[in-house]
Amino acid sequence: MTRWTDDWAPGASADYLEALQHYADIDPRLAVDLQRRVDDAIELLCRFPASAATIPWDARRKLIGRFPYGIVYREMPEIKQLRVLAFAHLERRPGYWAQRR
């Protein structure tokens, strides 16, 4: 099985960095935990790209345990890549990222 790669849209990277900073301001250990969980989720998704739940907007979302966020992505099987569209807070502005490619 060929491992997929991940590619983050600029907005998704900004979402993620904002969340890391938020938790680092509260307690740096929270930011470390969030980063570990995201790294683990991306590793899993790159091995099993269709394993996350489908959502509207022709995308999938992998929830991040303990934190109210999901990794929103589209599968790009022709190049074996996940295109991360958003690191979306689950209770704010649903679908704000839908125009990202």
Side-chain angles (χ1 to χ4, degrees):
M1 177 189 312
T2 303
R3 185 183 185 282
W4 285 34
T5 60
D6 61 299
D7 177 51
W8 289 60
S13 295
D15 296 341
Y16 180 46
L17 292 174
E18 180 182 311
L20 282 174
Q21 186 61 57
H22 169 74
Y23 286 108
D25 290 346
I26 296 169
D27 183 335
R29 293 172 296 187
L30 287 171
V32 169
D33 188 30
L34 176 60
Q35 185 173 21
R36 181 185 57 79
R37 289 171 187 265
V38 169
D39 289 346
D40 289 350
I42 291 293
E43 176 68 28
L44 179 69
L45 292 173
C46 284
R47 290 180 61 219
F48 305 102
S51 63
T54 57
I55 60 172
W57 306 287
D58 190 32
R60 291 184 178 272
R61 181 179 63 201
K62 172 72 174 156
L63 300 178
I64 304 301
R66 183 180 184 193
F67 296 94
Y69 287 90
I71 298 169
V72 178
Y73 68 97
R74 288 196 177 109
E75 298 170 75
M76 301 176 70
E78 63 281 358
I79 58 173
K80 295 193 182 308
Q81 189 173 77
L82 304 176
R83 177 65 170 165
V84 179
L85 304 172
F87 187 72
H89 193 286
L90 301 177
E91 298 175 4
R92 296 184 197 148
R93 301 178 299 150
Y96 71 92
W97 48 264
Q99 298 306 314
R100 292 181 184 169
R101 299 279 173 227

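In what follows, residues are counted from 1 in the order of the sequence shown.
To the nearest 0.5 Å, atoms CH2 (Trp4) and CE (Met76) are separated by 9.0 Å. Note that CD of Gln81 and CG of Asp7 are 4.5 Å apart. Values are rounded to the nearest 0.5 Å.
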As a quick check of understanding, evaluate side-chain contact (heavy atoms from CB on, under 4.5 Å) for Leu20 and Val38, giving each step before the final call. CA-CA 11 Å; Leu20 282 174; Val38 169; over 6 Å; no

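Side-chain contact annotation: Asp25 with Gln21, donor-acceptor N/O pair under 3.5 Å present. Side chains of Asp6 and Trp8: a donor on one and an acceptor on the other come within 3.5 Å.
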Review item, side-chain donor-acceptor pairs of residues 62-73, under 3.5 Å, at least two apart:
{"from": "Arg66", "atom 1": "NH1", "to": "Asp33", "atom 2": "OD2", "distance (Å)": "2.6"}
{"from": "Tyr73", "atom 1": "OH", "to": "Pro49", "atom 2": "O", "distance (Å)": "2.6"}

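Looking at residues two or more places apart in sequence or on another chain, you find a side-chain contact (heavy atoms from CB on, under 4.5 Å) between Asp27 and Arg29, Leu30. The side-chain contact (heavy atoms from CB on, under 4.5 Å) check on Glu43 picks up Arg3, Arg47, with sequence neighbours excluded. A search for side-chain contact (heavy atoms from CB on, under 4.5 Å) contacts involving Ala50 returns Arg60, Glu75, not counting sequence neighbours. By the side-chain contact (heavy atoms from CB on, under 4.5 Å) test, Ala14 pairs with no residue at all, sequence neighbours left out.
Counting heavy atoms from C-beta on, the side chains of Leu45 and Ser51 come closer than 4.5 Å.
Within the hydrophobic cluster formed by Ile, Leu, Val, Met, Phe, Trp and Tyr side chains joined at under 4.5 Å, directly or through other members, Val32 stands alone, with no partner residue.
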